[in-house]
Amino acid sequence: MAAARGQIYLHVGMPKTGTTFLQATFQASQEQLARQGLEFLPPARREASWLSLTVLDQLDPERDPAAALGMWDRFVAAGKASRAPRLLVSDELLGGASEEQLRRLTRALPEREVHLVLTIRGLARLLPSTWQQRIQQGSEAPALDEFVEQIAGRTSPLAERWWRERGVWPVIERWSAEVPPERIHVVTMPRPGAGGSTLLERYCGLLGVRADDLVTDHGDRNPALGRAQAEVLRLVKEQVPAELMDRHGYVPVGKWWLARQHLAPQGGTPPRMPARFQGWCEDEARATMAFLRDSGIDVVGEVDDLLPDAADFDAGVAPTDAELLAAAVRALASIGVQRVEEQAARRASPPASARARLRRRGRRLLRTLARRD
């Protein structure tokens, strides 16, 4: 029996499954969503992050803003006041909530029928992407081959945490204590080569909204690093004092400045799963496919999307010292150009022609360095 006030959809994961694009699309399309009977709560990504940190007990009263500390009360009040037939909450870190934490969230609006949404991706594509993202966020991340080895072996503390927070089975089993299987929805991320709108169409179909009406040209993506660029950042991260490795200290510099502004624009060959793990990826995919088919869970998309392709793997050879040096030099050059431009802007505003010359010189320098790689 449906709840009297409609449904609330909790999209709680998984990371690196197109969540940034989906969230940005829904944030940019709130007027269109409202006309179709769905309200996106909280309405801003920063507030969604604060809500997630609240649920996960990770807010710091001394370092987080007062607005973050009051996010839970505002969320509950907005949910109770909403007259929309359907509500959507989306943050990919919520999947890692403990039993007590998720219980608080699922029971926050008792007048709503709770639905759980997971977007999932095959391990062959997920793990290399997760690896470079962990580096950007300052999380524990050994070299790619060792990282995959630990996850596959399930023996290290890192692997135990990863499977608990990101494993399809553990997450579903934990949340199913509060949400029955028929209200758990798994959306598979399409294989490479599928239309760019396929994931959005699957997600919108589940939520009962029209994908064609939404704003998708917002330009908000979560850029990935090439393998050499990610390895450079990993080596830099190892030199940062442990007391600075948190979301207040390292993340604004490591992820939002160094990674996104100076390393990601280089492109580079993306990290891929070492070929020796192909059999393991196939076995894990088939086991997850069987679990989903037998679970009574609503699967949106194709479970076969979890199977790896040959293109997902490579020889597993680490970047050479020359490749790392080239990526590091290009990043330093980019930083230098940025600093020159910032200093020029701080001085008494020079003529536009002077600023243009500085930008041209910076671009020429970067092109020259690129040709040397």
Side-chain angles (χ1 to χ4, degrees), residues 2-56 65 67-68 70-95 97 102 104-120 175 179 183-187 189 196-222 298 300:
R5 287 282 303 281
Q7 297 79 35
I8 179 169
Y9 289 85
L10 304 177
H11 178 204
V12 304
M14 304 289 187
K16 305 309 296 176
T17 58
T19 51
T20 297
F21 170 72
L22 294 173
Q23 291 155 357
T25 297
F26 275 57
Q27 181 178 337
S29 307
Q30 293 186 60
E31 292 182 6
Q32 295 87 338
L33 295 171
R35 289 195 291 269
Q36 299 184 52
L38 187 141
E39 183 173 357
F40 190 48
L41 287 179
R45 279 300 304 142
R46 182 173 66 168
E47 292 180 326
S49 178
W50 289 343
L51 177 64
S52 178
L53 292 169
T54 301
V55 172
L56 298 173
M71 190 63 240
W72 177 261
D73 291 338
R74 295 199 304 278
F75 163 69
V76 172
K80 290 181 179 297
S82 177
R83 293 298 178 264
R86 304 182 307 286
L87 303 179
L88 172 64
V89 176
S90 178
D91 191 276
E92 60 272 22
L93 298 182
L94 287 170
L102 68 86
R104 182 188 185 196
L105 180 58
T106 56
R107 300 182 183 184
L109 299 172
E111 66 276 15
R112 296 276 178 172
E113 179 184 83
V114 177
H115 289 248
L116 185 74
V117 182
L118 290 175
T119 43
I120 67 173
W175 283 82
V179 184
R183 287 197 255 130
I184 297 177
H185 313 276
V186 169
V187 182
M189 193 172 183
S197 62
T198 303
L199 176 62
L200 180 61
E201 290 169 354
R202 291 176 178 178
Y203 191 71
C204 288
L206 163 64
L207 298 171
V209 298
R210 296 182 297 276
D212 291 345
D213 292 346
L214 306 187
V215 178
T216 58
D217 59 351
H218 43 72
D220 196 339
R221 299 292 191 275
N222 190 7
D298 176 35
V300 182

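These figures come from a predicted structure and were not determined experimentally.
- Here Ser82 pairs with Glu39 under the side chain to side chain donor-acceptor pair (under 3.5 Å) rule; sequence neighbours left out.
- Counting only distance, with no hydrogens or angles, the side chain of Thr119 and the backbone of Gly13 share a donor-acceptor pair below 3.5 Å.
- Judged by distance alone, the side chain of Gln32 and the main-chain N or O of Val215 form no donor-acceptor pair under 3.5 Å.
- The CG atom of Leu88 sits 9.0 Å away from the CG atom of Leu206 when rounded to the nearest 0.5 Å.
- Across all their heavy atoms, Ala211 and Leu200 have their closest contact at CB-CG, 4.2 Å.
- Rounding to the nearest 0.5 Å gives a distance of 5.5 Å between CD of Glu92 and OG1 of Thr20.
- The shortest heavy-atom contact between Leu51 and Met71 is N-CG, 3.7 Å.
- Between the CH2 atom in Trp175 and the CD1 atom in Ile184 there is a gap of 10.0 Å [rounded to 0.5 Å].
- A 6.0 Å sphere centred on CG of Asp213 holds more than 12 heavy atoms belonging to other residues, nucleotides or ligands.
- Here the shortest heavy-atom pairing between His11 and Ser90 reads ND1-OG, 3.0 Å.
- Atom CZ of Phe75 is separated from atom CG of Leu109 by 5.0 Å, given to the nearest 0.5 angstrom.
- Judged by distance alone, with hydrogens and angles left aside, the side-chain atoms of Gln36 form no donor-acceptor pair with the main-chain N or O of Leu33 at under 3.5 Å.
- Between the side chain of Gln7 and the backbone N or O of His115, no donor-acceptor pair lies under 3.5 Å.
- Checking side-chain atoms of Arg83 against main-chain N and O of Ala81 turns up a donor-acceptor pair under 3.5 Å.
- Panel note: side chain Arg86, backbone Gly208; a donor-acceptor pair is recorded below 3.5 Å.
- Listed for the Arg46 side chain is no donor-acceptor partner under 3.5 Å among the backbone atoms of Ala68.
- Between Glu111 and Lys80, some side-chain heavy-atom pair lies under the 4.5 Å cut-off.
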Phe21 vs Thr216, test: side chain to side chain contact (heavy atoms under 4.5 Å, CB included). Steps then yes/no.
CA-CA 8 Å; Phe21 170 72; Thr216 58; 4.2 Å; yes
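- Here the CZ-OG distance, from Arg210 to Ser29, works out to 12.0 Å after rounding to the nearest 0.5 Å.
- For the pair Leu94/Leu10, no side-chain contact is recorded, criterion being any heavy-atom separation below 4.5 Å from C-beta on.
- For the residue pair Thr19 / Gln23, no side-chain donor-acceptor distance below 3.5 Å is found, with atom types taken as modelled.
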Test side chain to side chain contact (heavy atoms under 4.5 Å, CB included) applied to Thr25 and Tyr203, step by step:
CA-CA 11 Å; Thr25 297; Tyr203 191 71; over 6 Å; no
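- For Arg112 (side chain) and Pro85 (main-chain N/O), a donor-acceptor pair under 3.5 Å exists by modelled atom type.
- Within the model, atoms NE2 of His218 and CD of Gln27 stand 9.0 Å from one another, a figure rounded to the nearest 0.5 Å.
- No donor-acceptor pair under 3.5 Å is formed between the side chain of Ser49 and the backbone N or O of Arg45.
- Figure legend: cation-pi geometry between Arg104 and Trp72, with NZ or CZ positioned under 6.0 Å from the six-membered ring centre and within 45° of its axis.
- Heavy atoms only, all atoms of each residue included: Ala48 and Asp91 are closest at O-OD2, 3.9 Å.
- Shown here for Met189 and Thr17, the closest heavy-atom pair between the two residues is SD-CA, 3.5 Å.
- Comment: Arg183 does not engage Asp298 in a salt bridge, judged by the lack of any side-chain N to carboxylate O separation of less than 4.0 angstrom.
- Counting all heavy atoms, side chain and backbone alike, Thr106 lies closest to Val114 at O-CG2, 3.3 Å.
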